[in-house]
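Convention: sequence-line order gives letters A, B, ...; per-chain numbering from 1.
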There are 2 protein chains.
Amino acid sequence: MKNDLTTEQKIKAAAREVFIAKGFAACSTREIAKVSGMNVALVNYYFRSKTELFKLVFQDAMEEFVNSMVEVFSSDKSLEDKIRLLIEQEYEFLSRHPELPGFIVNELHREEGYEVDGSYFEKLLNTGIVEECQRACAAGKMREIDLISLTLLIMSNCDFPFMSKNLMKGIHKLSNDAYENQLNTHKKIVTDMLVSYLFPQKSI
Amino acid sequence: MKNDLTTEQKIKAAAREVFIAKGFAACSTREIAKVSGMNVALVNYYFRSKTELFKLVFQDAMEEFVNSMVEVFSSDKSLEDKIRLLIEQEYEFLSRHPELPGFIVNELHREEGYEVDGSYFEKLLNTGIVEECQRACAAGKMREIDLISLTLLIMSNCDFPFMSKNLMKGIHKLSNDAYENQLNTHKKIVTDMLVSYLFPQKSI
DNA sequence: AACAGTTTTAAACAAGTGTTTAAATCAATC
DNA sequence: GATTGATTTAAACACTTGTTTAAAACTGTT
């Protein structure tokens, strides 16, 4: 098993599992302790408080979430290929961490609570993607669009399909497997739609 | 104020407010009682339990959520206009109930818990929209797309921008007002993108 | 083997949880 | 005005919560 982990690591791993699955409010320190196989007191011994432990878990989640995008923008492909690659990679990443966007979005929602540490995103902005988009727009290679809407377009079409799994399964009466398949075909649709919207073919 | 409401109604209204704002787990019956201005025991007197009360609130939310779409599909406009109108109306509805999709998606997520009562969606299917789409596809008026992906496309691009408000505000360091404005311009983008994807211009 | 420091434990703490009880208040009927 | 029923109340219930305590067990060093 994972007996090579330290107690501290075991607790943090368990906390991540439980926090992401049920959210901050819906789980207890005792549950985290039980999942980690450790004593309740150890949670506070290593992490001071449930809240402090949550902050760590949330930060990690946020970093993973953002990092999955940074690589792509750092590559030296064309802008169109970057978008294609980004969607591809996001769907791959989210297949492995399907609960992550829901976790982040939801915990950010609960009473303005955990503010977003902007530093996560500076990394993303430092890839030069913003300037690249501006240049592409100016050169007429890409549709004029502000960065916020671009972010929204991509995240909406990548994250929401994973977040809304149970809702979609309910609406269309789908099994787990059926929905996984659906996600795969949806990825292609989203790629087509976004690329053809952002990089319209010139009419002759 | 709203003193014309019965005690039962006051409690249910308060429960809705608190449940939607913080989620089932993060709020207590005492908080609901306090917000409603009533005694704790009355919550159980009228609704048997916190869980039972939640089910009522969730059902109502679900119904509102779905009803906002049914009207549009029942109208006698062209399919393209229905899509346009649907997006328009969804953004308008979500401006008034911005926390609704997040509430639904998130509470459905928590441990497979509340299954989706399919009956909500039968109403939607009974509008004949499915057949209309199939006919439009067959006639080449609309891109071939399955109903699930169509649902996903529309909901992703309508709901996610509202659900991710705090995340987006954090990423792009926006004020509340700035984000409200952003939502307005995003609505147009989404409409353009979806319509031109679903109803592509024939190449000459 | 004795010590010091860290790690782990069971137990306790006060505060908060959902829910119930039994008495008090209210409203309407006779 | 007494009686019945529904409504409201404060108090209590047993249990869970996050956190702390103080003792135990373990570690490595002398």
Visitor: Under the salt bridge (Lys or Arg N to Asp or Glu O under 4.0 Å) rule, what pairs show up with a residue in residues 171-187 of chain B, not counting sequence neighbours?
Guide: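 Residue pairs passing salt bridge (Lys or Arg N to Asp or Glu O under 4.0 Å), neighbours aside: B/Glu88-B/Lys187, B/Lys165-B/Glu180.
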
Visitor: Salt bridge (Lys or Arg N to Asp or Glu O under 4.0 Å) with B/Glu8: which residues, sequence neighbours excluded?
Guide: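 Not a single residue meets the salt bridge (Lys or Arg N to Asp or Glu O under 4.0 Å) criterion with B/Glu8.
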
Visitor: Looking at CG of A/Asn157 and OG of B/Ser156, how far apart are the two atoms once the value is rounded to the nearest 0.5 Å?
Guide: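 Going from CG on A/Asn157 over to OG on B/Ser156, the span is 5.5 Å.
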
Visitor: Using heavy atoms and a sub-4.0 Å distance, could you list which residues of residues 25-35 of chain A are near DNA chain D? By number, please.
Guide: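 Close to the strand are A/Cys27, A/Ser28, A/Thr29, A/Arg30.
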
Visitor: Considering only heavy atoms, which members of residues 40-50 of chain B lie under 4.0 Å from some atom of DNA chain C?
Guide: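 Heavy-atom cutoff 4.0 Å gives B/Val40, B/Ala41, B/Asn44, B/Ser49, B/Lys50.
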
Visitor: With sequence neighbours left out, which residue pairs that include part of residues 126-149 of chain A fulfil the ring pair (Phe, Tyr, Trp, His ring centres under 6.0 Å) condition?
Guide: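 The answer is none; no pair qualifies.
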
Visitor: Just to verify, what does A/Asp146 make a salt bridge (Lys or Arg N to Asp or Glu O under 4.0 Å) with, not counting sequence neighbours?
Guide: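 Salt bridge (Lys or Arg N to Asp or Glu O under 4.0 Å) check on A/Asp146 returns nothing, list empty.
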
Visitor: Show me the pairs that pass ring pair (Phe, Tyr, Trp, His ring centres under 6.0 Å) and involve residues 139-186 of chain B, at least two apart or across chains.
Guide: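 Output for this query lists B/Tyr91-B/Phe162.
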
Visitor: How far does the helix from C/dA1-D/dT30 to C/dC30-D/dG1 bend, going by the axes of its first and last five pairs, to the nearest 10°?
Guide: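 The angle, to the nearest 10 degrees, is 10°.
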
Visitor: Which pairs with one or both residues in residues 40-51 of chain B pass salt bridge (Lys or Arg N to Asp or Glu O under 4.0 Å), sequence neighbours excluded?
Guide: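 Of all non-adjacent pairs touching residues 40-51 of chain B, none passes salt bridge (Lys or Arg N to Asp or Glu O under 4.0 Å).
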
Visitor: Kindly say whether the aromatic ring centers of A/Phe54 and A/Phe19 come within a distance under 6.0 Å.
Guide: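 Ring-ring flag for A/Phe54/A/Phe19: true, centres closer than 6.0 Å.
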
Visitor: For the atom pair CE (A/Met193) and CG (B/Leu198), what is the distance rounded to the nearest 0.5 Å?
Guide: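 CG of B/Leu198 is found 8.0 Å from CE of A/Met193.
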
Visitor: Tell me, please, which residues at least two apart from B/Asp60 pass salt bridge (Lys or Arg N to Asp or Glu O under 4.0 Å).
Guide: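 In terms of salt bridge (Lys or Arg N to Asp or Glu O under 4.0 Å), with neighbours along the sequence ignored, B/Asp60 is linked to B/Lys12.
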
Visitor: Tell me which pairs pass side chain to side chain donor-acceptor pair (under 3.5 Å) where either residue lies in residues 63-80 of chain B, with sequence neighbours left out.
Guide: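 Qualifying pairs: B/Arg16-B/Glu64, B/Asn67-B/Lys123, B/Ser68-B/Glu90, B/Glu80-B/Arg84.
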
Visitor: Salt bridge or not between B/Arg135 and B/Glu132? Use side-chain N to carboxylate O under 4.0 Å.
Guide: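 Salt bridge between B/Arg135 and B/Glu132, a charged N being under 4.0 Å from a carboxylate O: no.
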
Visitor: Taking any atom under 4.0 angstrom from a heavy atom of chain B, which nucleotides of DNA chain C are the first and last to qualify, 5' to 3'?
Guide: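 For DNA chain C, the relevant span reads C/dT17 to C/dT21.
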
